[in-house]
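Have a look at the structure below, then the notes.
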Amino acid sequence: MTPIKHRTQTMMRSLTLALCLASVGGAAMAQGGFGGRYPDQGGEAVYKAICQGCHMPDGKGAVGAGMYPPLAGDAKLGAKTYPAFVVIRGQKAMPEFGTGLEDAQVADVVNYIRTHFGNGFTDTVTAEEVKSMRPARAPTGTVRAPG
Amino acid sequence: MIGTLAGSAAMYEAMSSLAYAAEAGYSGPPNLTGNVKGASVLILGSGLAGMVSAHELRKAGYKVLILEYQDRPGGRNWSLYGGDTYTELGGFKQNVQFDKGHYLNPGRWRIPYHHQGILHYCKMLGVQLEPFIQSNYNAYIHSTKAFGGKPQRFRHIQTDFQGHVAELLSKSTRQAALDQAVTKEDQEILLQALRNWGALDANYEYTAGEASSNKRGFDFDPGGGLTAMETPSTPIGLKELLGSGLWRAVGAGSGYETQQSLFQPVGGMGMIGKAFGATLKEVIKYSAKVIDIKQDEKGVTITYQDTKKGGAPMVATADWCICTIPVSILSQIPITVSAPMKAAINNLSYSSSVKVGLQFKRRFWEEDENIYGGITYTDQPNSTIAYPNFNYFSSGKGVLLGAYAFGPGAVRYASMSPEERITKTLEYGSKIHPQYMKEYENGASVAWHRVPWTLGCAGAWTEELRARHYNNLCALDGRIMLAGEHASRIPAWQEGAVLSALDAIRRLHQRVTQA
């Protein structure tokens with residue numbers, strides 16, 4: 001009876017996914033809901049809409065039980081592709097923003113961060129360069145609605 | 001799509017009964033018998049996973065100590081009351097001004113009937129539960145882009161969606177389009193069912209009249225005496241309904257985790273953590289910030305700082321460690337675990353979520369709009385308006401949940417100051433309830449990415465990530481085991497934290513007693 005059991009599991013799994021989507025239900029009404037895109041255009045607007053939630057309006061980060069690293073005076077920002085890579089793919093607790101942001105939005109915000117908060121880098125990253133850094137396959141999957 | 005919808009429900013029922021026997025959910029309190037040989041366990045974090053672990057292990061004879069970063073038990077099981085102060089990362093401080101008896105559940109706010117683990121501990125702790133209303137047919141579904149921005153009653157959208165679908169399907173049935181799939185006898189039954197389910201008239205059509213109004217409500221309700229005559233309401237046309245997008249919210253109360261019955265603790269979700277903490281107060285050390293986690297063949301050594309008293313770091317040792325620190329934070333703490341577990345810790349990001357509570361001078365949603373508890377859905381970034389599920393018909397004030405945002409909406413909310421969040425939430429809510437501006441008194445918000453002790457709402461697992469890291473995250477790694485919602489397949493729900501802890505201590509106990 002193995003094939004039947006296998007089929008049952010597969011059905012259960014696809015059903016679970018359907019239910020997850022269903023339970024998101026109303027949440028999916030929201031702009032973007034889970035997943036979805038950010039409307040903000042220009043480096044400053046993207047920073048103020050997204051980044052400052054954790055890295056703070058002054059770019060100095062914050063410390064609690066863990067910490068958000070400061071972007072102000074961060075030597076790692078010297079390599080222009082590094083921050084772009086982190087924005088696209090995420091790093092540790094930081095979620096990826098590659099699926100929610102266009103190439104130009106990523107480039108704009110990276111260039112903004114590298115020229116503000118005491119950072120004075122003169123080279124810039126382009127949307128084309130951002131595009132080339134994206135993973136071959138965008139991350140997929142549903143995150144369940146929280147309780 | 002129609003077939004999928006109808007079929008899923010039926011299939012789901014069948015699957016539930018099939019799956020029941022194999023369900024790996026809550027199976028009663030753990031039976032930790034056997035000689036624990038005086039073993040000691042350090043538990044990091046006094047959220048539900050930590051406290052369940054401490055409670056059960058202590059009962060089995062282990063020596064336990066919990067180290068907790070905050071000065072209260074419960075973790076994300078938490079309620080904010082008037083008089084509380086809450087300072088989020090960045091130093092933004094809020095003095096919560098809700099009147100006595102009102103609260104905001106910043107995190108978890110509902111317990112499905114099948115989350116038997118957390119329900120067991122509620123019962124054990126004497127935490128009183130009351131119904132949580134998920135589906136309110138008289139609440140609204142709202143889109144700024146449909147019906148001129150006018151909110152629609154949930155019962156109108158749901159009934160009309162079902163009605164049109166039933167009419168279409170009955171048409172297909174009668175036009176013999178389903179002859180291959182459904183026998184002649186069953187077609188008769190199906191037609192009856194569709195008429196019943198979809199409120200169709202005698203001609204299997206979804207029209208204005210008694211049948212549809214008995215579900216969607218009347219324009220003028222039936223009354224008594226000489227004012228008794230009702231006026232049927234007029235369904236929304238199929239094209240307009242589909243184009244509105246409002247059907248997206250119809251399934252909101254039909255998911256396994258959102259079906260009635262759901263419960264909430266009387267007085268706020270945080271009552272569970274408070275009660276649990278009281279039973280464990282002699283074994284919880286508060287204001288302890290863990291800064292290093294080491295293990296060797298002899299035991300575990302945890303270094304922590306007292307955030308209140310300051311001073312030199314302190315050290316606690318034990319034979320074993322159950323670490324419930326969210327991996328958003330754990331990924332920043334030096335820890336001696338295997339490379340696969342470290343990779344799991346480093347690869348799970350945390351989802352974004354924001355809640356805003358608003359206190360109003362009067363319960364206008366009840367007084368003006370006959371909405372008693374439940375949820376309104378909107379396509380605006382606040383996503384949700386939820387009405388208090390208690391104190392109905394009281395003439396005083398009420399705190400409603402003005403926003404429960406997810407995804408990009410939540411990220412953008414988190415980037416605002418607490419004041420801006422309130423301003424925005426009032427702006428969004430006013431489009432649904434024009435009474436907002438006149439009746440508003442005060443509010444409070446929690447953006448989970450600015451919560452100092454979680455840096456996010458919950459582990460943002462996808463199946464793709466789980467395939468690579470989940471088993472490694474949950475493994476007993478030497479003397480260390482992780483627990484919490486992130487170490488479960490029910491992330492962001494309290495049941496996940498409880499079941500994760502029970503699984504962790506069962507495996508730990510097995511190791512200890514078999515050694």
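Numbered from 1 within each chain, the chains take letters A, B, ... in sequence-line order.
Both the backbone and the side chain of B:Trp109 come within less than 4.5 Å of a heavy atom of chain A. For chain A, the nearby parts of B:Leu89 are the backbone and the side chain; heavy atoms of each come within less than 4.5 Å. The contact between B:Tyr404 and chain A is made entirely by side chain atoms (from C-beta outward), counting heavy-atom distances below 4.5 Å. For A:Arg137, the part lying under 4.5 angstrom from a heavy atom of chain B is the side chain only. Looking at B:Ala447, neither its backbone nor its side chain comes within 4.5 Å of chain A, counting heavy atoms on both sides.
Within a 6.0 Å sphere centred on NZ of B:Lys342, heavy atoms belonging to other residues, nucleotides or ligands number more than 12. The number of heavy-atom neighbours closer than 6.0 Å to CZ of A:Phe85, taken from other residues, nucleotides and ligands shown, is 12 or below.
In this structure, A:Tyr68 contributes its side chain and B:His449 its backbone to a donor-acceptor pair below 3.5 Å. In this structure a side-chain-to-backbone donor-acceptor pair under 3.5 Å is missing from B:Glu257 to A:Gly147.
Among the candidates A:Gly64, A:Cys51, A:Gly100, the residue making the largest number of heavy-atom pairs closer than 4.5 Å to chain B is A:Gly64.
B:Ser415 approaches A:Ala49 most closely through the heavy-atom pair OG-O, 2.9 Å. Shortest non-hydrogen contact noted between A:Pro146 and B:Cys457 is CB-SG, 4.2 Å.
Expressed to the nearest 0.5 Å, how far CG of B:Asn347 lies from NZ of A:Lys92 amounts to 10.5 Å.
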Pair up each side-chain donor or acceptor in residues 54-63 of chain A with any protein partner under 3.5 Å, not counting sequence neighbours, and list the distances.
unit_1	atom_1	unit_2	atom_2	d
A:His55	ND1	A:Pro69	O	2.9
A:Asp58	OD1	A:Lys60	N	2.9

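Side-chain contact check for B:Ser349 versus A:Gln91: every heavy-atom pair is 4.5 Å or farther apart.
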